[in-house]
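Everything quoted here is computed from the prediction, not taken from an experiment. Whatever order the structure lists ligands and atoms in, that order sets their numbers, starting from 1.
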Amino acid sequence: MSAVEYAVENEVAVLTVAYPPVNALSLAVRTGLAEGLARALADSGVKAVVVIGGGSTFIAGADISEFGTPNSAAEPRLQTLQAQFEASPKPIVAAIHGTALGGGLELALTAHARVAVASAKVGLPEVKLGLLPGAGGTIRLPRLTGVEVALEAVTTGRHLGAVEAERLGVIDAIVDDLRAGSVAYALKLATDGAPAPVRDRNDKVSGVDPKVFDDFRAKNRKKWRGQIAPARIVDVIEAATNRSFDEAKAYENQAFGELMASDQRKALIHYFFAEREARKIPDVPAEVKPLPVRKVVVIGSGLMGGGIAMSFANAGIAVKLLDVNAEALERGMAAVRKTYETSLSRGSISQAQMDERLGRIQPIGGYDDLGDVDMAIEAVFEDMALKQEIFALLDKATPPHAILGTNTSSLDIDQIASATSRPDKVIGAHFFSPANVMKLLEAVRGSQTSAETIATVMALGKQIGKAPVLAGNCDGFIGNRMLQYYTVNAEYMLERGATPEQIDRVAEAFGMAMGPLAMRDLAGMAQAVNVRAVRKKTLPVDERMPELVERMVEAGRIGQRSGSGFYRYEGRDRLPDPEAIAIITAEAQRQGIEQRTFTDEEILARLFHPLVNEGAKELEEGIAIRASDIDVAWVNGYGFPIHTGGPMFWGEQIGLDKVLETARVLGAENGQTRWGPSKLLERLVAEGKGWKDAPALIAQGL
Ligand code: TC6
């Protein structure tokens, strides 16, 4: 069957793209469209053409899975098809529902007009794949919207709703009945005459002050740190204003080629598929259907509970926010309201949206009224006895089908589940703070968690806009288990002579929003001392916990809020502080550690290689299903730079042998039990293999 169906309706040829799931512009679709257009042009009974998507969407872009294969370069290429669209003597209308993204929108920009339903979205999200819109999007979009809108839209890759897109000139008309409305619109163009192709509309790209581009670059420099694509996008949009269309197009082709060949493009496309792959669980077959979740109860109205409640309310799911402490509940609801008010004042939500979302959150003071919930998520502090008590209450108060989730970040899921009569329905649902913002949802399976419970939480995660990842039940699960190696190692390096500025500068240049020591100052040190006191008791005998945080606290330097920690602060500015260095040096002397200098390269290795080594241990133990799941967790939960693809992808790119070498050094320095090399890593390096070979090696036994 052809990927594009041909029909004629009221003298209009309707080309329906039928290539699930998202009608991506594979060779089959491009061929079908070229053939359909040729047929329509040859058909004397046809006056105009409509291109529409079959199924749930218009064309969601180039076929990403085709990149780098012979098909992507085979004719008709997208640009050939676009030239045919623009040269068509019969007007062409793109009829848009669902999403018109990337190459899909770029194709629509070569139609004579674009008609959409109000729920449609359009955008050029290539930047998120490390690319730029290489099929003329960078130089056609500003011809419709003007340069400033195009700069913002293409460098962020943001989806524009149809109503906004109509106001900006991208969409020509919004209709209720897409097919009929587009056919009528196409016929009208055939009768009245079609507008000039977008490529020939020059008024919005003429006489643009070059300062606009310089200002935009300067404004975003920090935000784009480490990324290549956004700056190249600005270059090409600028070219659209000071070169002819064809010259600018040639420049766009060149820049697109450069980005296509870049490591960042590879990493970001790895990430795109990783996020989707993470939702597929090998022992949860597709036949296991998720249960519908219409109403949720969140237990605990602190920062975390409130954020979780907002995540559901924002996605249209009704929530009860339960706290037995009336005052805490009132404070929690006030905090939720305040967060919405901030969003309202920034213009990111409307008053109506705020009212609607707040209206979905119902504060309740006890367990009497939970007969209608499909899921509960407990978000109280980390105390096993308290959690067990709550789960026993939930087991009695919620209907038998309800899933019981815990937001614990460290406790044993099975022990929590043992307080209920439904351990198959108990699961970890670990959100990251602030939960209404952070995308990671770490689902944690206990030994009895059922396939249906897992399927439900993974689907629900996607529904509320999170990136769900399934972890096994161990201390720290996937993400926090790795985190200690990053933060603790920063302190080992301080003891050995690196400075806080140097460590943070290396981490930030790599792409972390904030280096580990500035982060420690921001989070505050007092709580870290308590956490460490507990952790110290479980450390293996060959390991010593650094005590710099303790020394800082003793000196009254408890972090940014106190004005000093590893740095001193003037307002929000962090400044190097000789006093902090003196404390570090004294502690190094006390421990008998000889200080030395570090190169940036060594700091980078010591900060990030241990993550990869620990990730490999998680694979060995079955805590993470695949290396790419760890990437998804670290990008969304810990701000690991997405343009590296995540720690595991990055580790493989730089060479697993290097990671192994660092693990050997750190094992010798810090204790083999936890810091020494993963067996899996050793095998992969010895056999010259990569993460894709890990499952087979693990199955054989390491
Ligand atoms: C471009 O156009 C460059 C042009 C330059 C000129 C050459 N290709 O996300 P979902 C698959 S670059 C191939 O779960 P949703 C996806 O892997 C492209 N496959 O669904 C998944 O497969 P699975 C610019 C694709 O409803 C399935 O479709 N375009 C593509 O939550 C469902 O995906 C973009 O960057 C694709 N382009 O969201 C858009 N897109 O079921 C990228 C999706 O086997 N796509 N798949 O796991 C998206 O943003 C979202 O997929 C969505 C649908 C909003 C279209």
G134 neighbourhood, listing ligand 1 atoms whose heavy-atom distance to it stays under 4.0 Å: 5 (C)
Residue G102 vicinity, atoms of ligand 1 by number, heavy atom under 4.0 Å: 2 (O), 24 (C)
Residue and atom name of the nearest protein heavy atom (relative to atom 50 (C) of ligand 1), distance in Å to one decimal: R276 NH2, 3.9 Å
Ring-face cation of R217 near F213 (centre distance under 6.0 Å, axis angle within 45°): no
side-chain hydrogen bond (donor to acceptor under 3.5 Å, both in side chains): pairs with one or both residues in residues 93-108, sequence neighbours excluded: T57-T99
Side chain, backbone, both or neither: the part of K128 lying under 4.0 Å from ligand 1 by heavy atom: neither
Heavy-atom side-chain proximity of F256 to E126 below 4.5 angstrom: no
Atom 3 (C) of ligand 1: the protein heavy-atom neighbour that sits closest, reported with distance to 0.1 Å: E126 OE2, 3.5 Å
Option with minimal heavy-atom separation from atom 8 (N) of ligand 1, where the choices are N23, L124, I64: I64
Closest protein heavy atom (residue, atom, distance) for atom 13 (C) of ligand 1: D63 OD1, 3.3 Å
Per-atom contacts, ligand 1 versus P21 - under 4.0 Å to a heavy atom: 27 (C), 28 (O)
Table please: side-chain donor-acceptor pairs of residues 225-233 below 3.5 Å, with sequence neighbours left out.
| unit_1 | atom_1 | unit_2 | atom_2 | d |
| --- | --- | --- | --- | --- |
| R225 | NE | E508 | O | 3.3 |
| R225 | NH2 | M512 | O | 3.4 |
| R232 | NE | E258 | OE1 | 3.1 |
| R232 | NH1 | D235 | OD2 | 2.9 |
| R232 | NH1 | Y251 | OH | 3.2 |
| R232 | NH2 | E258 | OE1 | 3.0 |
| R232 | NH2 | E258 | OE2 | 3.3 |

L131, portion touching ligand 1 at heavy-atom distance under 4.0 Å: neither
E277 contact mode with ligand 1 (heavy-atom cut-off under 4.0 Å): neither
Any side-chain heavy-atom pair of I174 and V117 under 4.5 Å: no
Min heavy-atom dist K462 to ligand 1 below 4.0 Å: yes
Flag side-chain contact, heavy atom, 4.5 Å: I630 against L619: yes
Sub-4.5 Å side-chain heavy-atom contact between F649 and L268: no
Minimum-distance protein heavy atom relative to atom 7 (C) of ligand 1: F256 CZ, 4.1 Å
Heavy-atom nearest option to atom 6 (C) of ligand 1, drawn from P133, A286, A135, G157: A135
Closest approach of V632 to A278 (non-hydrogen atoms, all atoms of both residues): CG2-CB, 4.5 Å
Close-contact set for ligand 1 against K280 heavy atoms, below 4.0 Å: 23 (P), 44 (O), 47 (O)
For ligand 1, the portion of A60 having any non-hydrogen atom under 4.0 Å away: both
Side-chain touch N407/I308, heavy atoms, less than 4.5 angstrom: yes
Nearest heavy-atom neighbours spanning F58 and A100: CD2-CB, 3.5 Å
W634 ring center within less than 6.0 Å of F432 ring center: no
Any Q79 heavy atom less than 4.0 Å from ligand 1: no
Verify atom 52 (C) of ligand 1: protein non-hydrogen atom under 4.0 angstrom away: no
Distance-only N or O hit between ligand 1 and S65, under 3.5 Å: no
Closest protein heavy atom (residue, atom, distance) for atom 54 (C) of ligand 1: L101 CD1, 4.0 Å
Ligand 1 atoms in contact with A24 (distance to a heavy atom under 4.0 Å): 8 (N)
Distance filter under 4.0 Å to E106 heavy atoms, resulting ligand 1 atoms: 4 (C), 5 (C)
Residue L129 vicinity, atoms of ligand 1 by number, heavy atom under 4.0 Å: 12 (S), 18 (C), 35 (O)
Protein heavy-atom partner closest to atom 30 (C) of ligand 1 - residue, atom, separation in Å: V22 CG2, 3.6 Å
Heavy-atom nearest option to atom 37 (N) of ligand 1, drawn from P125, G61, A62, G104: A62
Polar atom proximity, R279 to ligand 1 (N or O, under 3.5 Å): yes
Heavy-atom side-chain contact between T156 and V127 under 4.5 Å: no
Note, L101 side chain near H159 side chain (heavy atom, < 4.5 Å): yes
Validation row: H112, S88 side chains within 4.5 angstrom (heavy atoms): yes
Other residues, nucleotides, ligands: >12 heavy atoms within 6.0 Å of K121 NZ: no
